[in-house]
Amino acid sequence: MENDLKTCNLVSVLNGVGDRRKMLLERISIRTIGDLLLHIPIRFLDRRFFTSVSDLQIGTDAVVVGTIIRVTKKRRGTKGPALTAVLADETGSVTLTFFSAGFPGSKLYDGLKIVACGSVESFKGYVIVHPELYFTDQDASAVKSPGMLPIYGLTAGLTQGFLRKLVSSAIPLVKNSLEDILPVHILESAGFETRFDVFKAAHTPDTPEEAKVARDLLALEELYLYKSLLVAIRERSNKEPGIPLKSLSLDKFQSTLPWPLTSAQLKVCDDVRMNLLGSSAMRRLIQGDVGSGKTVVAVFAAIVTALAGKTAVVLAPTAVLSAQHYASFLKLTGFFNVKVHLLTGGTSASGRSVIGQELREKPDSILIGTHAVLEDWVPLDKLALLIIDEQHRFGVSQREKLLSSQNPRPHVLVMSATPIPRTLAMTFYGDLDISVIDEMPPGRGSVETQIVQRSKRASVFEFIISRLQKKERVFLVYPLKEISEQSDLLDATTAYETVKNGPLAKFGTGLLHGSMPSAEKVDITNKFSRGEISVLVSTTVIEVGIDVPEATIMVISNAERFGLSQLHQLRGRVGRGGRKSWCFLVPGSGVSRAALERMNFLVSNANGFIIAEKDLQIRGPGQVLGTMQHGIPKFKVADLTIDSALLKKVNAMTPIELDELKIIMKNQKWRFPDMEFPM
Ligand code: ADP
Ligand code: MG
């Protein structure tokens, strides 16, 4: 492939790249010509227009063309810059100042015509300190301006000038070898004829607008390719045979439960039932706010699987969550006499061998756990259903790898408590059908959210004590585990020291944070759920996983540090029993008006989807997806914190078809180096 040949050539084929520069370029992930093309400028200096000296403005970046009229070297023993040169045009003069006597100042002499660029300062007249210089032998009227100058991400030892030259010499090499990805009409309506022109404009544009349009097209092609890939994965799996499972009736299932299903749960169970009955494998995402009752849907699917003689696996991100699922599954599968196993990193060797043996003898079981359930020794040849709780820890390619090792392909059910706005779901979950549980089970206490000014904290404290006396439980959440002394943020560890020695101590206190060993996390969580600990000081690790009906109060310190969706997730950990619950948001000192308004949105909104949409508007898709980032590849150009508009565009485009996609992915590996393609 000629194309690959060019873009896959090492940069060392270019002039000026010896061993040292090769090594430096590698530091910024540039090994090949392709990498260099993808090293898109961070920004540009607009050096298209000359400014007459009389029009210079202090504090702005200017390009001046003129003649050197006086060069002054510093005399020994005097203070000041090493060298100054006065540059004049017809309207006045500006002093160029150099603090070292070497290049480029040393090249200046009276009568020389040059272009000088830089930020204009004032010191006894106009001054440009360490200007960038362009030497020219033409008359001022004939001199071309430097134009749009790219600024690249660098590492020590490399200069902008070198990188600019390098990119300029690389671009012509690929002129005839860049195959299209975006539909031609999109390039054309953006003013480009070919993809090559887009790359060229991204590095050496004529105008700032052109630079932006080109950059956006390159970001768009990444998002477009990713979305097309997900759609293709999905279409392929629709064509492959699945494992049809004769299903249990929903009435029958419901009659075994301690409560009737909500109509949302019934609807979603029915979506799942139809998929399981069908001839191709299910790929479904269930979205529902925290507490909406997703677990029982998973239980339904798992029971159907086991009753059909097959294995169902429930994959959870943490040991805590695994243990909690295990307890729920035991409770909700009781009637059916289906064996449920729990397997986590902490399961002993003998425990493992029992599980292995039992699964071999009785594959019609449910296996719940962390990644440990995917280890080679676990007998999964009867695997027919994979349930993934909290998508974010498990990327698409990881999932596809696992699935493609199974024949026929198991059904997949992904459960997410992060409400995902539609535009994002369409792009990033394009491989899945989506069911939404948009209704809460009855009998849940409402959660009242309040913003508490720091000065009112004492009254919250008294309130907490009164609830603790009623045997209720409290979460105290902090943004960080530990902080340096300079910061005025409270952190969980410090707060815990205070709590443990204060009036709350007698109710039992505990500390929970992410870097604790998972056995310890499980232990603390269990103690909190049994009530041995009534006050749990924690970081956001409780975001996933804790289901304690007695927990009625959550106090979130420095709440402005969290995103709306995250606060909403956190708050979902209280009010899980029937009791009325409270979430107190305590802003840090000096918090902005905007941040307070944001928090107020939570006070008056309880719907996770509405909150996620708002979060998307405020913080962009990168942050909203942040909580599930692991499932999403790193893009080279696209930046999810700023590219919301492109997502809308992508969603309106017809995805690339599988055959074409395969060719692109084979020929253009250089273009998507950080994406793994499970094709
Ligand atoms: P999540 O969607 O956050 O995973 P869960 O499945 O853990 O929610 O359910 C939250 C709580 O609601 C659990 O305690 C569960 O037993 C209870 N629950 C679920 N469905 C119903 C229902 N239909 N009626 C009453 N309680 C329910
Ligand atoms: Mg859950």
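Because the structure is predicted, anything quoted here is derived from the model rather than measured. Read the numbers this way: they start at 1 and go in the same order the structure lists the ligands and their atoms. FYI, side chains are in, hydrogens and waters are out, and symmetry mates aren't considered; it's all heavy atoms of this structure.
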Does S581 reach the main-chain N or O of G575 with its side chain, forming a donor-acceptor pair under 3.5 Å?
->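 Pair found, side chain donor or acceptor close to backbone of G575.
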Determine which pairs satisfy side-chain hydrogen bond (donor to acceptor under 3.5 Å, both in side chains) with at least one residue from residues 294-306, sequence neighbours left out, and list them in order.
->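 Every candidate side-chain hydrogen bond (donor to acceptor under 3.5 Å, both in side chains) pair involving residues 294-306 fails, so no pair, neighbours aside, qualifies.
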Could you list, one pair per line, each nitrogen or oxygen of ligand 1 together with any protein nitrogen or oxygen closer than 3.5 Å, giving atom names and the distance rounded to 0.1 Å?
{"unit_1": "ligand 1", "atom_1": "2 (O)", "unit_2": "S292", "atom_2": "N", "d": "3.4"}
{"unit_1": "ligand 1", "atom_1": "2 (O)", "unit_2": "G293", "atom_2": "N", "d": "3.0"}
{"unit_1": "ligand 1", "atom_1": "2 (O)", "unit_2": "K294", "atom_2": "N", "d": "2.9"}
{"unit_1": "ligand 1", "atom_1": "2 (O)", "unit_2": "K294", "atom_2": "NZ", "d": "2.8"}
{"unit_1": "ligand 1", "atom_1": "3 (O)", "unit_2": "G291", "atom_2": "N", "d": "2.6"}
{"unit_1": "ligand 1", "atom_1": "4 (O)", "unit_2": "T295", "atom_2": "OG1", "d": "3.4"}
{"unit_1": "ligand 1", "atom_1": "6 (O)", "unit_2": "K294", "atom_2": "N", "d": "3.2"}
{"unit_1": "ligand 1", "atom_1": "6 (O)", "unit_2": "T295", "atom_2": "N", "d": "3.0"}
{"unit_1": "ligand 1", "atom_1": "6 (O)", "unit_2": "T295", "atom_2": "OG1", "d": "2.6"}
{"unit_1": "ligand 1", "atom_1": "7 (O)", "unit_2": "T295", "atom_2": "OG1", "d": "3.4"}
{"unit_1": "ligand 1", "atom_1": "7 (O)", "unit_2": "R576", "atom_2": "NH2", "d": "3.2"}
{"unit_1": "ligand 1", "atom_1": "8 (O)", "unit_2": "G293", "atom_2": "N", "d": "3.2"}
{"unit_1": "ligand 1", "atom_1": "20 (N)", "unit_2": "Q265", "atom_2": "NE2", "d": "2.9"}
{"unit_1": "ligand 1", "atom_1": "23 (N)", "unit_2": "P260", "atom_2": "O", "d": "2.9"}
{"unit_1": "ligand 1", "atom_1": "23 (N)", "unit_2": "Q265", "atom_2": "OE1", "d": "2.9"}

On the 0 to 90° scale, with breaks at 30° and 60°, tag the F428-Y226 ring pair as parallel, tilted or perpendicular.
-> tilted
With sequence neighbours left out, write down each residue that passes side-chain hydrogen bond (donor to acceptor under 3.5 Å, both in side chains) with T262, or none if nothing qualifies.
->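 side-chain hydrogen bond (donor to acceptor under 3.5 Å, both in side chains) list for T262, sorted by chain: Q265.
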Take E532 and R530 through the test salt bridge (Lys or Arg N to Asp or Glu O under 4.0 Å) and record every step on the way to the result.
-> CA-CA 6 Å; E532 285 158 47; R530 290 196 298 263; 2.6 Å; yes
Sequence neighbours left out, what pairs pass ring-ring contact (aromatic ring centres under 6.0 Å, His included) with at least one residue falling in residues 258-277?
->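 Found none.
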